[in-house]
Amino acid sequence: MILVTEVFGIRLEIIIIILLLLIIALGVILALTIKQLQNVSRKYYTLTSGKTAKDLEQIMLTRFKEMDKVKMRMKRFNKEHKTFKGHLDSCYNKLGLVKYDAFDSMAGELSFSLALLNNDNSGFVLSTMHSKQGCFSYAKEVINGESFIALSNEEKEAIRKAQTIDEEIERMTNEPDEEDLM
């Protein structure tokens, strides 16, 4: 009787140890795979419990229809927003007021210049000068912050105030109130 102690030039004991290690590694891999399969199965069961495949299909179709309705509403809202924004941009939303004494003989700053501008800094400046003989009013067109008619210093100041009103409001809203400091 011949005992085989070597196979392919490797001792038989080493081959058996290597095969046992492979069996153990495959067993660990199998256990991990079974655990992952159980997790997926549990999630699938949770998803489908109480529902049939037809119910799930109906739920998904309903959600897709709802999403389509939301998309259509968003398109409509965007279109309306652009329309409203166009209207708002053309409205007079900036104003600057300068009160002054037009004549040395009058007191109380009864004269004024009022600038009303839109987002493009176009609009008009209205000046009213009060004197003992009466009250005189003038309106001058403003296009992109400029007028083709000569402006008084007060009218220029009113236009400058109107152009910087957004910055002034921003500065005022960012300043801490006295109550906040206490």
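Keep in mind it's a predicted model, so treat the numbers as computed, not measured.
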Practice problem: Over all heavy atoms of both residues, which pair between G145 and I159 is shortest? Give the atoms and the distance, please. | Solution: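 Of all heavy-atom pairs spanning G145 and I159, the closest is O-CG2, 4.1 Å.
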Practice problem: Write down the atom of S113, the atom of A158, and the distance for their closest heavy-atom approach. | Solution: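 The pair with the smallest heavy-atom distance is O-CB, 3.6 Å.
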Between atom [atom1] of [X] and atom [atom2] of [Y], what is the distance when rounded to the nearest 0.5 Å?
| X | Y | atom1 | atom2 | result |
| --- | --- | --- | --- | --- |
| M129 | F136 | CE | CZ | 8.0 Å |
| I16 | I10 | CD1 | CD1 | 12.5 Å |
| S147 | K156 | OG | NZ | 10.0 Å |
| M172 | I165 | CE | CD1 | 8.0 Å |
| Y138 | I149 | OH | CD1 | 12.0 Å |
| L37 | L32 | CG | CG | 12.5 Å |

Exercise. Check the side chains of K94 and N121 for a donor-acceptor pair under 3.5 angstrom, ignoring hydrogens and angles.
Key: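 Yes - a donor-acceptor pair under 3.5 Å links their side chains.
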With the side chain counted from C-beta on, respond yes when [X] and [Y] share a heavy-atom pair under 4.5 Å apart, and no when they do not.
| X | Y | result |
| --- | --- | --- |
| F64 | T62 | no |
| N153 | Y100 | no |
| L117 | L95 | no |

Self-check item: E66 with K69: basic N within carboxylate O range, under 4.0 Å
Solution: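 Not counted as a salt bridge, because no side-chain N and carboxylate O are separated by less than 4.0 Å.
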Treating Ile, Leu, Val, Met, Phe, Trp and Tyr as nodes and any side-chain heavy-atom pair under 4.5 angstrom as an edge, say whether [X] and [Y] lie in one connected cluster.
| X | Y | answer |
| --- | --- | --- |
| F112 | V98 | no |
| V125 | Y92 | no |
| V142 | L97 | no |
| L12 | L20 | yes |
| L151 | L116 | no |

Quiz item: More than 12 heavy atoms of other residues, nucleotides or ligands under 6.0 Å from CZ of R160: is that the case?
Solution: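 Counting other residues, nucleotides and ligands, CZ of R160 exceeds 12 neighbours.
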Quiz prompt | Matching residue for L21 among I17, I23, I18 - test: side-chain contact (heavy atoms from CB on, under 4.5 Å) | solution =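 Exactly one pass, corresponding to I17.
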Quiz item: Run the side chain to side chain donor-acceptor pair (under 3.5 Å) check on N118 and N93 step by step: do they pass?
Solution: CA-CA 5 Å; N118 62 15; N93 57 359; over 6 Å; no
Exercise. Start with the C-alpha distance between S111 and D101, add both sets of side-chain angles, then the distance that settles side chain to side chain contact (heavy atoms under 4.5 Å, CB included), and finish with yes or no.
Key: CA-CA 6 Å; S111 300; D101 291 323; over 6 Å; no
Quiz item: So, T83 side chain and K79 main chain: donor-acceptor pair closer than 3.5 Å or not?
Solution: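 It does hold such a pair.
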Quiz item: S137 side chain to T128 main-chain N or O, any donor-acceptor pair under 3.5 Å?
Solution: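 A pair under 3.5 Å: no.
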Quiz prompt | Passing candidate, side-chain hydrogen bond (donor to acceptor under 3.5 Å, both in side chains) with N39, options K35, Q36, R42 | solution =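 Answer to the side-chain hydrogen bond (donor to acceptor under 3.5 Å, both in side chains) test with N39 among K35, Q36, R42: R42.
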Exercise. Can you sort out the partners of N174 under side-chain contact (heavy atoms from CB on, under 4.5 Å), two or more places apart, ordered by chain and number?
Key: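 N174 satisfies side-chain contact (heavy atoms from CB on, under 4.5 Å) with E170 once adjacent residues are dropped.
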Practice problem: Give me the one residue out of E154, E146, E155 that meets salt bridge (Lys or Arg N to Asp or Glu O under 4.0 Å) with K140. | Solution: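 It is E155, the one option of E154, E146, E155 that forms the salt bridge (Lys or Arg N to Asp or Glu O under 4.0 Å) with K140.
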